[in-house]
Number of protein chains: 2
Amino acid sequence: MKFSPLLAELINALTCLPGVGNKSAQRMAFHLLERNREGALSLSNVLHNAMEHITHCQRCRTFTEDEVCEICRHPEREASGLLCIVESPQDVLAIEQTLSYKGQYFVLMGHLSPIDGIGPDEIGLDKLESRLQEGRISEVILATNPTVEGEATAHYIAQLCANASVDASRIAHGVPVGGELEYIDGNTLTHAFSGRRKV
Amino acid sequence: MKFSPLLAELINALTCLPGVGNKSAQRMAFHLLERNREGALSLSNVLHNAMEHITHCQRCRTFTEDEVCEICRHPEREASGLLCIVESPQDVLAIEQTLSYKGQYFVLMGHLSPIDGIGPDEIGLDKLESRLQEGRISEVILATNPTVEGEATAHYIAQLCANASVDASRIAHGVPVGGELEYIDGNTLTHAFSGRRKV
């Protein structure tokens, strides 16, 4: 005997969540059935709505249920002429939480990775190119992750900017605030030295 | 700025799952949106069906979408006259996987815990009592967990059995198969000694 067919189906369906195996799915299913049926019903509704209605923003490619997302619609951000390139919507959130940047974003939803078949078109660089041609962007800030793929992507986009005669800059790499020098890796320290500024 | 309203709602709804906080919920939401919309839609459907249709079995209180579950409907199990008392449906699964028990179950869906307001009626002991009175059960096997509450629950049910003149037995506690004596706790060893059998 196993669980009843519907219960087995529920446990199996829950394993589609990342990091959830069979045992965690069992725990989730029993928790919802015993303690939170209302929460589960509302999750079911929201899940359905979200999958049906959330698409990519026409301007910046982030996830949104509108045609153009809230940030892209903001007139002051449009007027700033700044465009920050990031890899994911979570990066947008992280930057927004600093409250220090008031420009627009372009979300690649990944990075160049030829080995996985991800070329410029897959990360929307054709769209970015036509945006650069529009002439309303004065500076592109490259905020891709400091990984090999992120650096390669930044380098590629910098060339696109050069072709369109738009300034491009890369966010600074160095010692994180609150970090202690003795625990920082050599690569970061090298970046910190080569990027030193006059005081 | 936060995420778009629907996306924020999805992330919030996912935190109703046990062990899922805000950061995991974000990761799940993005994973589903980027890579598995079909899986998410089917999860949404199954979740809705399960919450609407899964109730407790009328005989043994386990979760099932039928009025009486598959195990309780089994004529051979009914004829065996054995009734095993467990705390949760997962315990039923664990016992079934041994293939060594062929009787019926009664699932308490918890254990006696007066401090949490869980008395005999909350764990269905009224239903168990009337089942014992029916006179078709020859032996009750107490397989509650060997915790303080589990032992108390077993003790309470043993008394119900005595009142109804039905034999009651407790599963053996002792050294687990494959375990090494030097790493077994004293309490378990005491149980193993007092429960020793002639060879």
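Predicted, not measured: the structure shown is a model, and the values here were computed from it. Residue numbers begin at 1 in each chain, while the letters A, B, ... track the order of the sequences.
Residue pairs meeting the side chain to side chain donor-acceptor pair (under 3.5 Å) criterion with at least one member in residues 112-124 of chain B, sequence neighbours excluded: S113(B)-D116(B).
Scanning residues 5-15 of chain A against chain B with a 4.5 Å non-hydrogen threshold yields P5(A), L6(A), L7(A), E9(A), L10(A), A13(A), L14(A), sorted by number. When the heavy atoms of residues 176-199 of chain B are compared with those of chain A, none of the residues falls under 4.5 Å. Contacts between residues 29-46 of chain B and chain A, defined by a heavy-atom separation under 4.5 Å, are made by F30(B), H31(B), L32(B), L33(B), E34(B), N36(B), R37(B), G39(B), A40(B), L41(B), L43(B), S44(B), V46(B).
A donor-acceptor contact shorter than 3.5 Å links the side chain of R170(A) to the backbone of L142(A). Side chain of R59(A) to main chain of C69(A): no donor-acceptor pair is present (N/O by atom type, distance under 3.5 Å, no hydrogens or angles). The backbone N or O of V107(B) sits nowhere less than 3.5 Å from a side-chain atom of T62(B) that would complete a donor-acceptor pair. Proximity of a side-chain donor or acceptor of E87(B) to a complementary backbone N or O of N145(B) within less than 3.5 Å is detected. A distance-only check finds no donor-acceptor pair linking the side chain of T153(B) to the backbone of H111(B) [under 3.5 Å].
Neither side chain, Q104(A) nor R136(A), offers a donor N or O lying under 3.5 Å from an acceptor on the other.
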* Determine, step by step, whether S4(B) and E65(A) satisfy the side chain to side chain contact (heavy atoms under 4.5 Å, CB included) criterion, reporting the C-alpha distance in whole Å, the side-chain angles of both residues, the deciding distance to 0.1 Å, and the verdict. => CA-CA 7 Å; S4(B) 77; E65(A) 65 267 31; 2.6 Å; yes
* Take V140(A) and L160(A) through the test side chain to side chain contact (heavy atoms under 4.5 Å, CB included) and record every step on the way to the result. => CA-CA 10 Å; V140(A) 164; L160(A) 292 186; over 6 Å; no
* To do: In sequence, state the C-alpha distance, the side-chain angles, and the governing distance for V20(B) and M28(A), and then conclude on side chain to side chain contact (heavy atoms under 4.5 Å, CB included).
  => CA-CA 10 Å; V20(B) 175; M28(A) 287 177 172; 3.9 Å; yes
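The residue from I141(B), I95(B), L108(B) that alone fulfils the side chain to side chain contact (heavy atoms under 4.5 Å, CB included) condition with V86(B) is I95(B).
At a threshold of 4.5 Å between side-chain heavy atoms, the hydrophobic network of Ile, Leu, Val, Met, Phe, Trp and Tyr places Y101(A) and F3(B) in one connected group. Under the 4.5 Å side-chain heavy-atom criterion for ILVMFWY residues, no single connected hydrophobic cluster contains both Y105(B) and L125(B).
Counting heavy-atom pairs closer than 4.5 Å to chain B, the top-ranked of the candidates D66(A), L99(A), T64(A) is T64(A).
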